[in-house]
Amino acid sequence: MERIEQHACFGGSQEVWKHSSAVLGCEMRFAVYLPPQSRLEARPVLYWLGGLTSSEQNFITKSGAQRYAAEHGLILVAADSSPRGAGVADDPAYDLGQGAGFYLNATEEPWAAHYRMFDYVTAELPALVESHFPATDARSIAGHSMGGHGALIATLKRPGFYTSTSAFAPIVAPSQVPWGQKAFTAYLGTDAKNWAAWDACALLASAADKVRLFVDQGEADEFLETQLKPHLLHEAAKAGGHDLMLRTHPHYDHSYYFITSFIAEHIAYHAAALSSER
């Protein structure tokens with residue numbers, strides 16, 4: 001690994017690292033915020049998954065999360081949203097290819113060779129973080145939009161791996177909306193039966209373990225009715241007896257202004273859950 005950025009921030013250190021990913025077959029970058037408490041002892045980790053077109057930079061430069069991570073002593077890790085590089089398959093559209101990995105393991109060509117973001121964010125990256133930084137194996141996960149989808153499916157597909165889960169404006173039922181249908185057709189093929197394994201609402205319906213989810217959604221989100229459809233998550237959680245805290249907020253849109261407004265509450269939520277693990 002090579003550190004390519006380091007900035008003092010709220011008594012801690014905001015860093016960006018690059019490394020060669022064995023899972024993705026390309027060079028990847030991720031951001032890690034080390035709170036001041038991590039100089040004295042290992043600390044729990046909150047993983048952040050970004051939305052369409054995001055890199056590791058969006059969250060660390062726009063959310064203001066470092067202030068609250070420093071207060072609670074949480075390590076923040078922001079992953080990239082897809083594999084990158086000249087040899088990695090891509091598409092001219094913003095919602096497919098590099099910047100739009102959808103946090104799944106692709107099975108179709110030309111995507112299958114590199115697009116294994118689920119394995120990367122739930123296995124390779126945590127192993128890397130826990131071996132190279134003062135991190136415990138207590139971990140939580142959060143995300144925005146496509147990254148909210150990623151956080152939900154990571155929790156549902158790896159029961160017990162994450163202590164807590166939250167999302168801002170997640171794509172909850174990708175099998176039923178244009179963003180997801182386009183990506184799933186490309187990455188997983190045209191047989192929609194294969195899509196259920198990567199759809200949060202479908203996974204909730206079949207989940208044996210009960211999960212607790214915290215979701216914030218802006219009521220002025222321009223994608224609310226066409227791409228996000230949070231009512232489907234509410235219905236799936238209710239049918240399966242899962243604990244969903246779904247909050248809606250008048251006037252808020254899909255942007256980082258929305259995330260910045262409520263990130264302190266999400267950090268506190270995860271910190272409380274992670275502290276119970278100690």
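With hydrogens and angles ignored, the 3.5 Å screen pairs no side-chain donor or acceptor of Ser82 with any backbone N or O of Gly101. At distances below 3.5 Å, at least one donor-acceptor pair connects side-chain atoms of Gln98 with backbone N or O atoms of Val88. Side-chain atoms of Asp119 never come within 3.5 Å of backbone atoms of Asn105 as a donor-acceptor pair (strictly under, hydrogens ignored). At least one donor-acceptor pair under 3.5 Å links the side chain of His114 to the backbone N or O of Leu24. Using modelled atom types, no side-chain atom of Arg43 and backbone atom of Ser38 make a donor-acceptor pair closer than 3.5 Å. Not one N or O on the side chain of Gln6 forms a donor-acceptor pair closer than 3.5 Å with the backbone of Ser13. Between the side chain of His7 and the main chain of Gln14, no donor-acceptor pair closer than 3.5 Å is present. With hydrogens and angles ignored, the 3.5 Å screen pairs a side-chain donor or acceptor of Trp195 with a backbone N or O of Gly189. A donor-acceptor pair under 3.5 Å links the side-chain atoms of Gln227 to the main chain of Trp179, judged by distance alone. Looking only at distances, a side-chain donor or acceptor of Ser81 sits under 3.5 Å from a matching main-chain atom of Ser54.
Between Ala31 and Glu56, the closest heavy-atom pair is N-CB, 3.8 Å. Across all non-hydrogen atoms, the minimal contact from Leu74 to Pro44 is CD2-CG, 3.7 Å. Residues Leu96 and Ala183 come closest through the heavy atom pair CD1-CA, 4.0 Å. Nearest heavy atoms, Pro36 versus Gly11: CB-O, 3.4 Å. The nearest pair of heavy atoms linking Ala151 to Ala142 is CB-C, 3.8 Å. When every heavy atom of Ile263 is checked against every heavy atom of Phe59, the shortest pair comes out as CD1-CE1, 4.0 Å.
When Arg139, Arg212, His270 are each tested for a side chain to side chain donor-acceptor pair (under 3.5 Å) with Ser164, only one passes: His270.
A heavy-atom distance below 4.5 Å is found between the side chains of Phe184 and Ser175. With a 4.5 Å cut-off on side-chain heavy atoms, Tyr68 and Glu265 do not count as touching. Proximity of Ile141 to Phe161: side-chain heavy atoms (C-beta onward) are nowhere separated by under 4.5 Å. Looking at Asn194 and Thr107, their side chains never come closer than 4.5 Å, going by heavy atoms from C-beta outward. No side-chain heavy atom of Pro134 sits under 4.5 Å from any side-chain heavy atom of Glu41. Within the 4.5 Å cutoff, no side-chain heavy atoms of Thr122 are placed close to those of Tyr103. Tyr33 has its side chain out of reach of Ile60: every pair of non-hydrogen atoms, C-beta onward, lies at least 4.5 Å apart. Side-chain contact between Asp253 and Glu222: present, with at least one pair of heavy atoms (C-beta onward) separated by less than 4.5 Å.
Side-chain contact of Asp216 with His266: a donor-acceptor pair under 3.5 Å is present, judged by distance alone. A donor and an acceptor atom, one from each side chain of Ser55 and Gln57, are nowhere located under 3.5 Å apart. With no hydrogens or angles considered, a side-chain donor-acceptor pair links Thr248 and Glu219 at under 3.5 Å.
For Glu109, the CD atom sits in a packed shell: over 12 heavy atoms of surrounding residues, nucleotides or ligands are nearer than 6.0 Å. Summarising the local packing, CZ of Arg29 is surrounded by 12 or fewer heavy atoms from other residues, nucleotides or ligands at distances under 6.0 Å. Counting heavy-atom neighbours within 6.0 Å of Lys238 NZ, excluding the residue itself, gives a total of 12 or less. For OH of Tyr94, the number of neighbouring non-hydrogen atoms (other residues, nucleotides, ligands) closer than 6.0 Å is greater than 12.
A single hydrophobic cluster is seen to contain both Leu204 and Val177, as judged by linkage of ILVMFWY side chains at heavy-atom distances under 4.5 Å, directly or through other members. A continuous path of hydrophobic side-chain contacts links Leu52 to Val215 [ILVMFWY only; heavy atoms under 4.5 Å]. Tyr269 and Trp48 fall into different hydrophobic clusters, where Ile, Leu, Val, Met, Phe, Trp and Tyr are joined by side-chain heavy atoms under 4.5 Å apart, directly or via other members. In the hydrophobic clustering of this structure, Leu228 does not group with Ile259; members are Ile, Leu, Val, Met, Phe, Trp, Tyr whose side-chain heavy atoms approach within less than 4.5 Å, directly or through other members. Both Tyr162 and Phe118 sit in one connected hydrophobic cluster of ILVMFWY residues. Membership requires side-chain heavy atoms under 4.5 Å apart, directly or through other members.
Residues meeting the ring pair (Phe, Tyr, Trp, His ring centres under 6.0 Å) test with His19, sequence neighbours left out: Phe30, Tyr120. Evaluation of the side-chain hydrogen bond (donor to acceptor under 3.5 Å, both in side chains) rule for Asp221 yields Gln217, His254 as partners, not counting sequence neighbours. With sequence neighbours excluded, the residues that form a side-chain hydrogen bond (donor to acceptor under 3.5 Å, both in side chains) with Ser21 are Glu124. Contacts of Trp111 classified as ring pair (Phe, Tyr, Trp, His ring centres under 6.0 Å), with partners at least two apart in sequence or in another chain: Tyr115, Tyr187.
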Stepwise side chain to side chain contact (heavy atoms under 4.5 Å, CB included) check, Leu213 with His242: CA-CA 8 Å; Leu213 306 172; His242 301 284; 5.9 Å; no

Verdict with supporting geometry, Val129 and Val32, side chain to side chain contact (heavy atoms under 4.5 Å, CB included): CA-CA 9 Å; Val129 168; Val32 57; 5.6 Å; no

Between His149 and Phe102, is the ring-ring contact (aromatic ring centres under 6.0 Å, His included) condition met? List the steps. CA-CA 8 Å; His149 146 77; Phe102 269 81; 5.7 Å; yes

Evaluation steps, side chain to side chain contact (heavy atoms under 4.5 Å, CB included), between His249 and His251: CA-CA 7 Å; His249 304 274; His251 313 302; over 6 Å; no

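Taking the ring centroids of Phe262 and Phe168, they lie at or beyond the 6.0 Å cut-off. The aromatic ring centroids of Trp17 and Phe133 lie less than 6.0 Å from each other.
For the atom pair Leu128 CG and Met1 CE, the distance stands at 4.5 Å (nearest 0.5 Å). Here the CD1 atom belonging to Ile171 is positioned 10.5 Å from the CG atom belonging to Asp199, to the nearest 0.5 angstrom. Here the straight-line distance linking atom CG of Leu246 with atom CG of Leu233 works out to 7.0 Å at 0.5 Å rounding. Interatomic distance, Cys26 SG to Asp80 CG, rounded to the nearest 0.5 Å: 9.0 Å. Note that the NZ atom of Lys62 and the OG1 atom of Thr260 stand 9.5 Å from one another [nearest 0.5 Å]. Note that CZ of Arg247 is 12.0 Å distant from CG of Leu244, once rounded to the nearest 0.5 Å.
Applying the salt bridge (charged side-chain N to carboxylate O under 4.0 Å, His left out) test to pairs two or more places apart or on separate chains, those with a residue in residues 63-76 are Arg67-Glu71. Screening residues 178-189 for salt bridge (charged side-chain N to carboxylate O under 4.0 Å, His left out), with sequence neighbours left out, gives Asp95-Lys182.
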